[in-house]
Amino acid sequence: MTEKTALTPSTHTAPPARFSHGVKKGNILQVAGQVGFLPAVEGQAPTPAGPTLREQTLQTFANVKAILEEGGASWDDVMMMRVYLTDVDHFAEMNEIYNAYFGEQDLKAAPAARTTVYVGLPKGLLIEIDALAVLS
């Protein structure tokens, strides 16, 4: 039986509760919901990338990518992404940022994606993304 491995890249702080930033078992890698926190600095609380949706979305992509890479995956391995926004008015802007970012990634096929509005993120955070990857 394949062992389950927790993934925490050096750019991330230890999770604040009993969960993992990512988990890999066999060829399946699940990235837990990531937000736009800047890379971890020892002894400092997590800090959002900025107040704008663009800044936080690009940092969130970087945070998801760091976990994928820690588990030996890439954006091409992502089958499904779920995007959670805190404001319905951010849909169009997030889609523009998403299209531009993934347009630069030269993916063989774009992952399936779902976007929803979710109001449960901590104050100041505008977006959360999780991802499911299947490695070859």
Side-chain angles (χ1 to χ4, degrees):
M1 182 168 266
T2 306
E3 188 175 317
K4 184 168 71 171
T5 304
L7 304 170
T8 301
S10 61
T11 54
H12 289 55
T13 59
R18 210 164 148 72
F19 66 85
S20 300
H21 287 294
V23 175
K24 182 177 177 184
K25 184 171 182 177
N27 68 335
I28 305 292
L29 192 163
Q30 176 66 55
V31 177
Q34 298 297 301
V35 294
F37 286 141
L38 293 168
V41 175
E42 186 71 33
Q44 290 184 11
T47 305
T52 70
L53 181 65
R54 172 171 293 288
E55 291 166 309
Q56 288 189 26
T57 300
L58 293 175
Q59 185 62 53
T60 301
F61 287 150
N63 294 342
V64 171
K65 184 178 180 185
I67 296 166
L68 291 170
E69 290 174 348
E70 183 80 6
S74 72
W75 286 121
D76 269 320
D77 297 308
V78 174
M79 301 296 292
M80 177 67 177
M81 287 183 27
R82 285 175 289 274
V83 178
Y84 304 93
L85 298 172
T86 59
D87 188 333
V88 70
D89 292 335
H90 289 163
F91 267 94
E93 182 181 1
M94 191 285 300
N95 283 337
E96 288 176 20
I97 298 164
Y98 183 99
N99 286 338
Y101 180 86
F102 285 104
E104 296 173 359
Q105 301 304 310
D106 194 31
L107 300 178
K108 293 176 187 131
R114 174 177 188 263
T115 302
T116 190
V117 175
Y118 171 70
V119 295
L121 293 178
K123 184 175 175 55
L125 293 175
L126 305 173
I127 187 167
E128 179 177 347
I129 298 174
D130 67 54
L132 175 66
V134 178
L135 290 77
S136 303

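Remember, it's a predicted structure, so these values are computed and weren't measured experimentally.
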For residues [X] and [Y], report the shortest heavy-atom separation together with the two atoms involved.
X: G36; Y: T60; result: N-OG1, 3.0 Å
X: V78; Y: M81; result: CG1-CG, 3.6 Å
X: P39; Y: Q59; result: CD-NE2, 3.9 Å
X: I129; Y: F61; result: CD1-CE2, 3.4 Å
X: R54; Y: E93; result: N-OE2, 4.0 Å
X: L126; Y: T52; result: CD1-C, 3.8 Å

Discussion item. Could you walk me through whether V35 and E128 satisfy the side-chain contact (heavy atoms from CB on, under 4.5 Å) test, starting with their C-alpha distance in whole Å, then the side-chain angles of each, then the deciding distance to 0.1 Å, before giving a yes or no?
Written reply: CA-CA 5 Å; V35 294; E128 179 177 347; 4.0 Å; yes
Worksheet item: Does the side chain of P48 come within less than 4.5 Å of Q56's, by heavy atoms?
Response: yes
Worksheet entry | Heavy-atom side-chain proximity of D87 to V117 below 4.5 angstrom |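 D87 vs V117: side chains apart.
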[X]-[Y] co-clustered via ILVMFWY side chain contacts under 4.5 Å:
X: L125; Y: M94; answer: no
X: M80; Y: Y101; answer: no
X: L53; Y: V83; answer: yes
X: F37; Y: L121; answer: yes
X: I127; Y: Y118; answer: no

Discussion item. Is the ring pair F102/Y98 parallel, tilted or perpendicular, if the boundaries are 30 and 60 degrees?
Written reply: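 Correct class here is tilted.
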Kindly compute the distance separating [atom1] ([X]) from [atom2] ([Y]), expressed to the nearest 0.5 Å.
X: Y84; Y: Q34; atom1: OH; atom2: CD; value: 12.5 Å
X: T5; Y: E3; atom1: OG1; atom2: CD; value: 5.5 Å
X: I67; Y: Q30; atom1: CD1; atom2: CD; value: 10.0 Å
X: L29; Y: K24; atom1: CG; atom2: NZ; value: 6.5 Å
X: D130; Y: R114; atom1: CG; atom2: CZ; value: 10.0 Å
X: H90; Y: I97; atom1: NE2; atom2: CD1; value: 9.0 Å

Worksheet item: Does E96 offer a backbone N or O that forms a donor-acceptor pair with the side chain of N99 under 3.5 Å?
Response: no
Fill in: Atom CE of M79 with >12 non-hydrogen neighbours under 6.0 angstrom
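Result for CE/M79: open.
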Response to the item:
Exactly one candidate in D76, N63, V31 meets side-chain contact (heavy atoms from CB on, under 4.5 Å) with L68; the answer is V31
